[in-house]
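Just so it is clear, the values below take in all heavy atoms, side chains as well, and ignore hydrogens, waters and symmetry mates. Naming convention: chains lettered A, B, ... in sequence-line order (proteins, then strands); numbering from 1 in each chain. These numbers were taken from a predicted model, which means no experiment stands behind them.
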Amino acid sequence: MTERNHFLIFPRIMTPDSLKRLREWFRANAAELPWRPAGLDAPRDPYAVWISETMLQQTQVSTVRDYFTRWMKRFPDVEALAKAEEAEVFKYWQGLGYYSRARNILKTAKIVAALRQAQEPCKMPETRKELEALPGIGAYTAGAILSLAYHQREAILDGNLVRIFSRLYELDFLPTDKGSANKNCTEIYWEYAREVADSPKAYMHNEALMELGRTVCKTKSPLCETCPLRGECRAFQECRTTEFPPAKKRTEKSWHGTVLVVESADEKILAVNGGQKFLDKQLALPHFESARHATVALPAKAEDYINADEVKSVEYCGTFRHSITVHKIECDVLHVQLLTKAKASHLPTENSDKPTAFEWIEKAKAFETFANSFSLKALKKVFC
DNA sequence: AAATCGGGGTG
DNA sequence: CACCCAGATTT
């Protein structure tokens with residue numbers, strides 16, 4: 001048995017013929033999207049490709065649409081973005097989630113801007129190696145920039161292509177599964193992706209497959225009767241589309257905690273950046289794990305954030321639910337009012353094992369300062 | 001290889 | 001409420 005046997009058993013499906021039908025389907029059905037303004041054959045702006053593809057990670061097209069348009073208006077190119085403050089970048093990202101993506105985008109913009117030659121505009125790198133070395137750019141995004149913007153014969157592999165390949169070839173495993181025989185599961189999928197990209201029309205094949213996966217080869221109730229590839233799709237022919245790709249198992253975790261809305265005598269709110277269970281590395285309200293219904297007294301853990309002898313009052317303001325990936329969070333909200341004005345002495349000294357920054361925010365500006373809905377929900381419990 | 005990271009939309 | 005969605009990074 002060789003590592004090639006997979007391809008010997010399964011004959012080639014993405015033939016020049018089927019790829020041609022894919023392209024014709026795409027020309028006839030391509031949606032109008034803000035990141036494909038100049039026709040399907042025009043090379044894209046690499047910066048726009050980078051931003052849109054990053055926004056589209058784990059976020060649906062319909063949601064990204066408006067975010068992308070707003071973003072490009074404020075940060076039209078790498079240079080404009082590189083000069084921005086992280087807080088403002090977060091505001092333009094607010095609601096998309098996965099804030100590390102926004103942080104990495106800014107990091108990469110600064111790196112690319114620093115590479116700029118004198119008098120020349122900033123330009124995204126043009127090789128896979130250079131792109132993948134940048135923060136937030138992995139194999140998928142690098143392939144998207146290289147093919148869609150530079151029209152190189154580079155492959156991409158995202159959830160849409162995985163679903164299509166799994167059904168076309170009845171692949172009963174996911175790229176993330178453990179390797180079998182001599183072949184890594186990821187590599188099998190990438191080989192199919194490279195086959196499709198081995199063409200001067202790679203840019204269109206890649207985008208057409210993503211569009212096909214989004215609008216036709218959907219996870220639930222795929223529209224096989226309109227699919228240009230139904231003639232060679234094994235899962236369709238055997239009426240087994242619902243079996244592919246195999247479902248991935250995920251473990252859910254429930255977590256109960258307390259979030260503090262600490263208000264100083266001069267009406268400022270304590271915010272923390274770093275060292276927390278959730279929303280690490282971004283400005284959020286202080287929170288910690290606690291038992292249910294344990295909010296009658298101020299938990300000892302809260303002394304990490306405030307000095308107990310400066311507390312004027314502690315009020316329980318309710319409980320809210322919030323989901324962060326697999327975590328189902330239930331969080332009690334405490335409104336802690338202090339006798340003293342905001343000052344550095346309120347900050348902890350020896351409790352933090354991770355780098356932690358603290359900030360006092362004007363109460364009136366609190367709602368526009370936090371970029372995550374976890375903190376916003378807690379504020380709402382107290383002030384709304 | 002597995003865990004982690006958010007929020008909005010949909011049925 | 002459960003599930004889905006154009007992945008990357010860390011452990």
Salt bridge flag under 4.0 Å for residues Glu289(A) and Lys277(A):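 The answer is no: the pair does not qualify as a salt bridge.
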Could you tell me how far apart [X] ([atom1]) and [N] ([atom2]) are, to the nearest whole angstrom?
| X | N | atom1 | atom2 | answer |
| --- | --- | --- | --- | --- |
| Leu157(A) | dA6(C) | CG | P | 12 Å |
| Phe374(A) | dC5(B) | CZ | C1' | 14 Å |
| Lys281(A) | dT9(C) | NZ | C1' | 9 Å |
| Ile145(A) | dG7(C) | CD1 | P | 14 Å |
| Lys253(A) | dG6(B) | NZ | P | 15 Å |
| Glu330(A) | dC1(C) | CD | C1' | 15 Å |
| Arg36(A) | dA6(C) | CZ | P | 13 Å |
| Leu174(A) | dA1(B) | CG | P | 14 Å |

What nucleic acid atoms does [X] come within less than 4.0 Å of, heavy atoms only: base, sugar-phosphate, or nothing?
| X | result |
| --- | --- |
| Gly97(A) | base |
| Thr141(A) | sugar-phosphate |
| Arg321(A) | nothing |
| Leu279(A) | sugar-phosphate |
| Leu134(A) | sugar-phosphate |
| Ser373(A) | sugar-phosphate |
| Ile137(A) | sugar-phosphate |

When the [atom1] atoms of [N] and [M] are considered, how many whole Å apart are they?
| N | M | atom1 | answer |
| --- | --- | --- | --- |
| dT10(C) | dG7(B) | C1' | 22 Å |
| dG9(B) | dA8(C) | P | 24 Å |
| dG8(B) | dT9(C) | P | 24 Å |
| dA3(B) | dA6(C) | C1' | 22 Å |

Counting side-chain heavy atoms from C-beta on, which of [options] comes nearest to [X]?
| X | options | result |
| --- | --- | --- |
| Tyr98(A) | dA8(C), dC5(B), dA6(C) | dC5(B) |
| Tyr140(A) | dC4(C), dG7(C), dT4(B) | dG7(C) |
| Glu211(A) | dA6(C), dT9(C), dG6(B) | dA6(C) |
| Val61(A) | dG6(B), dA1(B), dA6(C) | dA6(C) |
| Phe278(A) | dT9(C), dC5(B), dG7(B) | dC5(B) |
| Gln60(A) | dA6(C), dG9(B), dT9(C) | dG9(B) |
| Asp158(A) | dA6(C), dA1(B), dC4(C) | dA6(C) |
| Lys328(A) | dG9(B), dA2(C), dA6(C) | dA2(C) |

With a cut-off of 6.0 Å (strictly less than), are more than 12 heavy atoms of other residues, nucleotides or ligands near NZ of Lys281(A)?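 Check fails, neighbour count at 12 or below.
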Is the Phe374(A) to His287(A) ring centre distance short of 6.0 Å?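 So the answer is yes for these two rings.
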Honestly curious: do Phe236(A) and Ile164(A) fall in one hydrophobic cluster under the side-chain, below-4.5 Å linking rule?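 Hydrophobic grouping puts Phe236(A) apart from Ile164(A).
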Spatial distance of atom CG (Leu171(A)) from atom SG (Cys185(A)) [nearest 0.5 Å]: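 Reported value, rounded in 0.5 Å steps: 9.5 Å.
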Got a second to check how far Phe165(A)'s CZ is from Leu157(A)'s CG, nearest 0.5 Å?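 So the gap between those two atoms works out to 7.0 Å.
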[N] phosphate, OP1 or OP2, under 4.0 Å from [X] side-chain N/O:
| X | N | result |
| --- | --- | --- |
| Gln58(A) | dG8(B) | no |
| His322(A) | dG6(B) | no |
| Asn160(A) | dA6(C) | yes |

Arg292(A) side chain to His256(A) main-chain N or O, any donor-acceptor pair under 3.5 Å?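 It does not hold such a pair.
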Note: for Pro135(A) and Trp35(A) on DNA chain C, the residue whose nearest nucleotide lies more 5' is Trp35(A)
Starting at the 5' end of DNA chain C and moving along, which residue's nearest nucleotide shows up first, Gly138(A) or Glu252(A)?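 Mapping each residue to its closest nucleotide by heavy atoms, the 5'-most match is Glu252(A).
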Quick one: does NZ or CZ of Arg70(A) land under 6.0 Å from the six-membered ring centre of Tyr67(A), within 45 degrees of the ring axis? yes
Could you check whether the side chain of Thr59(A) and the base of dG6(B) have a donor-acceptor pair of N or O atoms closer than 3.5 Å, going by distance alone? yes
Start at the 5' end of DNA chain B and walk down; is the nucleotide closest to Tyr67(A) or to Thr176(A) reached first?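 With Tyr67(A) and Thr176(A) compared, the 5'-side residue is Thr176(A).
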